[in-house]
Peer 1: 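Dropping the structure in here first, questions after.
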Amino acid sequence: MADIYAPEFTNEAAAIAHLEKSRWEVSGANCPHCGSFAVRKMEGTTQAGYWLCNDCRDKFTCRTGTVMERSHIPVHKWLLAIHLMASSKKGMSAHQLHRMLGVTYKSAWFLAHRIREAMIDTKAGPLGGEGKSVQADETYIGNSSKRAKGYKKGHSHKEQIVALVEPGGKAKAVHVKKATKQSVREILVTNASRKSELHTDESKLYTVVGKEFAAHKTVNHGWNGRGEYVGKDGQTTNAAENFFGVFKRGMVGTYHKCDAQHLQRYVTEFEFRFNRRTALGVNDKMRADDLLKGIEGKRLTYRRPN
Ligand SMILES: [Zn+2]
């Protein structure tokens, strides 16, 4: 883990320089309003951090056009929050951020959700492909504690998550109110190459869409004695179950029934880290740098992804 006392996490000028570099080092500084490169830094202490566009004559800062726009939280606190959320395997609750950053709980809550927006992978290609397999599985999420407010027995009140995972590769996870043949098909054909082999359990959700894939192999709920379910060709859904395992352990105590409208954001957060996990050669710094690249152009997307 990088040093949380690094200058960009403690000093505002260093943080602004870090963010400007992340956004503009490759392309060169440009105006978020009109796209012009005819821009210059404004002089004087009252204009510190401001840029002026010679074409549209509008001012901007390194926050303009990002999830940080219109936030009063200093850039160095944003960068620290991004670093913490990128590197903590189970995620960071708004309460933890509130205490660590010294901002109000409400500010921390908005900050965390905006960082989750930045985690949305807008350039993700389809999972799998020729000669590869994709595992699909679904799980329930909801309050299972009988002491929890609003506890109800059974699955009807719970939300579902469908996960597609390429073994040894990336995942795509989507929150649905209820997994149906139609919703599962939509998720599969949008996010996985139909040239892949599809590996699932014997759920009827997959039987029809399975025919669209190069092959569809199922795992029955038998027991091979090693605590795994393995089909006769060696197919499993272990990678998908592993994704759910990390997600559920991270969500214990942080997710409540009333958060259903935000569940996709949490799912996206775990998917982001899973797709950049250490086993894929990604370290904490690379993951945080990648997350910082994702802040671009998402400031108004308060809708739910997908
Ligand atoms: Zn401009």
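Atoms within each ligand, like the ligands themselves, are counted from 1 in listed order.
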Peer 1: To the nearest 0.5 angstrom, please state how far the CG atom of Asn191 sits from the NZ atom of Lys170.
Peer 2: 13.0 Å
Peer 1: Using side chain to side chain contact (heavy atoms under 4.5 Å, CB included) as the criterion, list what pairs up with Arg23, not counting sequence neighbours.
Peer 2: Leu19, Thr66, Glu296
Peer 1: What residues form a ring pair (Phe, Tyr, Trp, His ring centres under 6.0 Å) with Phe247, not counting sequence neighbours?
Peer 2: Phe270
Peer 1: Should the ring pair Phe60 and Trp51 be called parallel, tilted or perpendicular, given that the plane angle runs from 0 to 90° and is split at 30 and 60?
Peer 2: parallel
Peer 1: Can you tell me which residue among Arg287, Lys293, Lys285 is in a side chain to side chain donor-acceptor pair (under 3.5 Å) with Asp289?
Peer 2: Lys285
Peer 1: State the count of protein N/O/S atoms located less than 2.8 Å away from the Zn ion (ligand 1).
Peer 2: 4
Peer 1: Tell me every residue that passes side chain to side chain donor-acceptor pair (under 3.5 Å) with Asp55, counting only those two or more places apart in sequence or in another chain.
Peer 2: Ser36
